[in-house]
Amino acid sequence: MLRAQGVPSVQEHEPLARRAALSIILPARNEAGAVGATVAGIRARYPEAEIIVVNDGSSDATAQVAAQAGARVISKPYGMGNGAAVKTGARAAGGDVLVFMDADGQHDPADIPRLLAKLDAGYDMVVGARDDGSQASVGRGVANGLYNRLASWMTGHVVADLTSGFRAARADKFREFIHLLPNGFSYPTTSTMAFFRSAYPVAYVPITAARRVGKSHIRPLRDGVRFLLIIFKIATLYSPLKLFAPVAASFFLLGLGNYAYTFLRGHRFTNMSALLLSASVIVFLIGLISEQITNLTYKRDG
């Protein structure tokens with residue numbers, strides 16, 4: 001078990017991976033071509049680790065291949081989403097440290113010790129940050145860069161890779177936010193922002209992700225719209241006023257400008273000016289209420 005904060009331990013000099021039970025969770029949907037080699041690579045490096053493959057309604061032999069390679073397989077009757085699989089694995093895991101990685105061959109098990117070393121240095125979550133050459137396409141690279149810059153502005157910390165699914169976290173901290181995680185692909189975004197919001201230290205370790213084995217489950221048109229919504233979700237999840245306050249200010253300035261124009265032209269205060277000024281107050285109050293709800297969401301006893 002991990003030692004309690006502030007309590008000395010005779011094992012304090014030991015690496016975290018040795019003194020804490022380790023669970024490695026791989027969400028998988030139709031990954032029969034890669035999951036076996038991925039599990040075998042993990043098992044060779046960490047023979048005592050608990051390896052959980054969550055089979056998310058696969059129509060191929062993902063479950064059988066993973067089980068033959070030595071993983072504990074939890075199968076869903078139908079596809080519920082990457083985030084849903086991650087939540088299932090996190091709930092079922094018995095380790096004090098959770099490592100999440102893709103089952104499609106992108107993530108190298110040899111990078112796991114580097115993530116755990118950062119945890120051992122006092123961080124609560126460590127994320128494998130992909131380099132520029134690891135992006136699946138130019139479009140996704142640009143989108144991920146936008147997410148990273150937005151998240152860095154929201155948190156006041158450098159966010160090197162907001163959407164990476166390769167990460168390690170302390171189990172007790174991660175489970176605090178399971179109820180916030182979506183069932184889709186944006187669980188990395190939500191978990192990262194939740195850790196920052198709760199003042200749990202997050203670190204990044206540079207990695208090179210290989211090209212996935214098999215066909216990607218990302219659909220550019222559908223997921224492009226969904227990723228756009230993630231931008232707004234980041235803001236509302238972390239600090240709603242940073243989103244609502246500029247919008248309220250914009251309405252206020254438009255209303256003030258419209259009033260100045262109509263006053264100079266006809267000495268009138270128009271309905272449009274009243275509408276814009278009222279909208280600025282309403283949007284600001286919504287942001288204020290959202291901020292209070294966010295504070296309650298992340299409030300912990302003790």
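When a residue number appears, it is its place in the shown sequence, counting from 1.
Contact check for Pro109 versus Met101: side-chain heavy atoms found under the 4.5 Å cut-off. Annotation: side chain of Lys242 is in contact with side chain of Trp153 (closest heavy-atom distance under 4.5 Å). Looking at heavy atoms from C-beta onward, Arg45 lies in side-chain contact with Pro113 at the 4.5 angstrom threshold. At a threshold of 4.5 Å between non-hydrogen side-chain atoms, the residues Phe196 and Val202 count as touching. No side-chain heavy atom of Ser164 sits under 4.5 Å from any side-chain heavy atom of Phe100. In this structure, Asp161 and Phe166 have side chains that are not in contact, with every pair of non-hydrogen atoms separated by 4.5 Å or more. Side-chain contact check for Thr262 versus Met272: every heavy-atom pair is 4.5 Å or farther apart. Using a 4.5 Å heavy-atom cutoff, the side chains of Leu116 and Tyr46 are in contact.
Looking only at distances, a side-chain donor or acceptor of Ser191 sits under 3.5 Å from a matching main-chain atom of Pro188. Checked by atom type and distance alone, the side chain of Ser280 pairs as donor or acceptor with a backbone atom of Leu277 at under 3.5 Å. Judged by distance alone, the side chain of Thr155 and the main-chain N or O of His157 form a donor-acceptor pair under 3.5 Å. No donor-acceptor distance shorter than 3.5 angstrom exists from the side chain of Arg29 to the backbone of Asn82, with no hydrogens or angles considered. For Arg43 (side chain) and Ala71 (main-chain N/O), no donor-acceptor pair under 3.5 Å exists by modelled atom type. Judged by distance alone, with hydrogens and angles left aside, the side-chain atoms of Arg170 form a donor-acceptor pair with the main-chain N or O of Leu119 at under 3.5 Å. Listed for the Thr189 side chain is no donor-acceptor partner under 3.5 Å among the backbone atoms of Thr163.
Here CE of Met193 is found 12.5 Å from OG of Ser186. Values are rounded to the nearest 0.5 Å. Considering CD of Glu50 and CD1 of Ile25, their distance stands at 7.5 Å, rounded to 0.5 Å. The structure places CE of Met125 at 5.0 Å from CZ of Arg167, a figure rounded to the nearest 0.5 Å. Residue Asp104 holds its CG atom at 9.5 Å from CG of Leu26, rounded to the nearest 0.5 Å. Rounding to the nearest 0.5 angstrom, the gap separating the CG atom in Asn30 from the CG atom in Asp60 is 4.5 Å. Atom CD1 of Ile74 is separated from atom OG1 of Thr88 by 7.0 Å, given to the nearest 0.5 angstrom.
Placement of Leu276 and Val247 within a single hydrophobic cluster is found when ILVMFWY residues are connected by side-chain heavy-atom separations under 4.5 Å, directly or transitively. Grouping the Ile, Leu, Val, Met, Phe, Trp and Tyr side chains by contacts below 4.5 angstrom, directly or via other members, places Ile282 with Leu254. Tyr200 and Leu181 end up in the same hydrophobic cluster when Ile, Leu, Val, Met, Phe, Trp and Tyr side chains are linked at under 4.5 Å. A single hydrophobic cluster is seen to contain both Leu275 and Ile286, as judged by linkage of ILVMFWY side chains at heavy-atom distances under 4.5 Å, directly or through other members. There is no path of hydrophobic side-chain contacts, each under 4.5 Å, that joins Val35 to Met80.
Of the options Val126, Val159, Val158, a side chain to side chain contact (heavy atoms under 4.5 Å, CB included) to Tyr204 is made by Val159 and by none of the others.
Within 6.0 Å of atom OH in Tyr261, 12 or fewer heavy atoms from other residues, nucleotides or ligands are found, so the atom counts as exposed in its surroundings. The number of heavy-atom neighbours closer than 6.0 Å to CZ of Phe244, taken from other residues, nucleotides and ligands shown, is above 12.
The minimum heavy-atom distance between Ala49 and Ile24, with the atom names listed, is CB-CD1, 4.2 Å. Listed here is the closest heavy atom pair of Ala93 and Ile52: CA-CD1, 3.7 Å. Heavy-atom minimum distance, Pro240 versus Gly287: CB-O, 4.2 Å. Heavy atoms only, all atoms of each residue included: Pro27 and Ala85 are closest at CB-CB, 3.6 Å. Heavy atoms only, all atoms of each residue included: Tyr187 and Gly83 are closest at CB-CA, 4.1 Å. Of all heavy-atom pairs spanning Asp102 and Thr38, the tightest one is O-CG2, 4.1 Å.
Checked by atom type, the side-chain pair Arg197/Ser239 shows no donor-acceptor distance below 3.5 Å.
Between Lys76 and Asp56 there is no salt bridge, since none of the side-chain N atoms of the basic residue sits less than 4.0 Å from a carboxylate O of the acidic one.
Taking the six-membered ring where the residue is Trp, the centroids of Phe251 and Phe284 are separated by 6.0 Å or more.
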Applying side chain to side chain contact (heavy atoms under 4.5 Å, CB included) to Arg114 and Lys118, what does each step give before you reach the verdict?
CA-CA 7 Å; Arg114 299 168 57 219; Lys118 276 289 188 181; over 6 Å; no
I'd like to know whether Val86 forms a side chain to side chain contact (heavy atoms under 4.5 Å, CB included) with Phe174, so could you lay out the CA-CA distance, the side-chain angles of the two residues, the decisive distance to 0.1 Å, and finally the verdict.
CA-CA 11 Å; Val86 164; Phe174 188 86; 4.1 Å; yes
When you look at Asn183 and Lys87, which way does the side chain to side chain contact (heavy atoms under 4.5 Å, CB included) test go after all the steps?
CA-CA 8 Å; Asn183 289 340; Lys87 289 189 283 187; 2.8 Å; yes
List the steps, then state whether side chain to side chain contact (heavy atoms under 4.5 Å, CB included) holds for Val99 with Leu22.
CA-CA 8 Å; Val99 173; Leu22 181 64; 3.8 Å; yes
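Classified by interplanar angle (parallel below 30°, tilted 30° to 60°, perpendicular above 60°), the ring pair Tyr259/Phe263 is tilted.
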